[in-house]
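Sequential numbering from 1 along the given sequence is applied to the chain's residues.
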Amino acid sequence: ISGSGENSRIRLIKFITVPYPKGYKEVLLKNSDERTAKLDEIARLDMLIAEFFADAVKKLSRKAAIPMNKIDLIGSHGQTIHHLPNPVHLFGKRVRSTMQIGNSSAIAKLTGIVTVGDFRMGDVAVGGTGAPLVPYFDFIMFRSKKINRALLNIGGIANITVLPKNCTINQVTAFDTGPGNMIVDGLMQKLYKKPFDKNGKIASSGKLIPLLLQQLITHPYLWMPPPKSTGRELFGKNLIDAILNKHKSAPKQDIIATLTEFTALSIYLNYLKFVQPKTKIDELFVSGGGVHNKYMIDALKRYFGQIKIGTVENIIPSDAKEAVCFAMLANELI
């Protein structure tokens, strides 16, 4: 990265994905649910994730053939285990909160590299909701002088950044639209013992359950005006259990198809209600894990109609986008 702000120039040298150990995800999810979380396990996970992140940096350093002492900064995203963006009153203060683990100080000590983290807590401290954090990066990298563009990231949660043509930073809007892969991944684990629906294959083999889809689109989060952000608290285990209890006799592939459809529809409904009245977009760039789900992308194309839907691949690999964003945010802080 050279420069900063609107003068930033970025070149991606090397990107890798490092899998977590078997069984880790279950421990993490258990401690992301207030009914099963344990304080001692959260304290240990905070350090364990720091170890995993430090190992990933070392592995990347070897693969890129760049010695650790040549790396100036690490920008660490952290791992969200609890997200409470709606304010409550406590002892005379109005408090929002989000809990990120994967201790930045530990990463710095384990790697010997200056580490910048706690971005979400910083945002919450100045009145934000702690998510999404990619809009600044989207503004720097993807704004256009001639067209209205939106960036859609489909991770666990889906978020959208709207960049009106020739916009200034104060004209950028962004918010979480609702679930991304979170519900479908959770259902795949429960119904098929698989972590996700590869290429949307199972969704493509199923049929929609109209009653379930109708119930889902009444979810209050979809109709809340931005700024807003969300997480597992609304679209995690509780919702998954409720869906399975109500529709236990439905074919498994139909449940996956309906929830994948719902994810795409929830994104479109948010666009219709909260974006289109101010900025009719010409182009939508998609990134994140959802980009690999063919059913989800086809559903988005159906809903968005004439709007051109593409990926960020010609500028940056879509899987690498969030990692590069946090490197840039670290550069901005320094």
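Side chain to side chain, S229 and T129 meet the donor-acceptor criterion of an N or O pair below 3.5 Å. Of the N and O atoms on the side chains of E233 and H83, not one donor lies less than 3.5 Å from an acceptor on the other residue.
Applying the side-chain hydrogen bond (donor to acceptor under 3.5 Å, both in side chains) rule to pairs touching residues 235-260 yields R35-N238, K190-D241, Q215-H247, K237-D241, sequence neighbours excluded. Within the structure, the ring-ring contact (aromatic ring centres under 6.0 Å, His included) test picks out the following pairs touching residues 97-123 (sequence neighbours left out): F119-F326. Residue pairs meeting the ring-ring contact (aromatic ring centres under 6.0 Å, His included) criterion with at least one member in residues 282-312, sequence neighbours excluded, are Y268-Y303, Y268-F304, Y271-F304. Sorted by first then second residue, the side-chain hydrogen bond (donor to acceptor under 3.5 Å, both in side chains) pairs that include residues 159-186, not counting sequence neighbours, are D138-T161, T168-Q171. Residues in residues 43-62 take part in these side-chain hydrogen bond (donor to acceptor under 3.5 Å, both in side chains) pairs, two or more places apart or across chains: D46-N103. The salt bridge (charged side-chain N to carboxylate O under 4.0 Å, His left out) pairs that include a residue from residues 293-318 are E261-R302, E283-K308, K294-D298, where partners are two or more places apart or lie in different chains. Contacts classified as ring-ring contact (aromatic ring centres under 6.0 Å, His included) and involving residues 145-171 (residues at least two apart or in different chains) are not found. Applying the salt bridge (charged side-chain N to carboxylate O under 4.0 Å, His left out) definition to pairs two or more places apart or across chains, none involves residues 95-124.
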Anything under 3.5 Å between a donor and an acceptor, one on a side chain of residues 199-211, the other on a protein residue two or more places apart or in another chain? List them.
residue: S204; atom: OG; partner: G200; partner atom: O; Å: 2.8
residue: S205; atom: OG; partner: I202; partner atom: O; Å: 2.7

Would you be so kind as to tabulate the donor-acceptor pairs closer than 3.5 Å made by side chains of residues 5-18, with sequence neighbours excluded?
residue: E6; atom: OE1; partner: R143; partner atom: NH2; Å: 3.3
residue: S8; atom: OG; partner: G5; partner atom: N; Å: 3.2
residue: S8; atom: OG; partner: G5; partner atom: O; Å: 2.8

Mind listing the side-chain donor-acceptor pairs of residues 274-281 below 3.5 Å, one per line with the distance, residues two or more places apart or on another chain?
none

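Atoms CG and OG, from L45 and S32 in turn, are 8.5 Å apart once rounded to the nearest 0.5 Å.
Residues passing the ring-ring contact (aromatic ring centres under 6.0 Å, His included) test with Y20, sequence neighbours excluded: Y24, F52.
I113 pairs in a side chain to side chain contact (heavy atoms under 4.5 Å, CB included) with only one of the listed residues (I107, D72, I74), which is I74.
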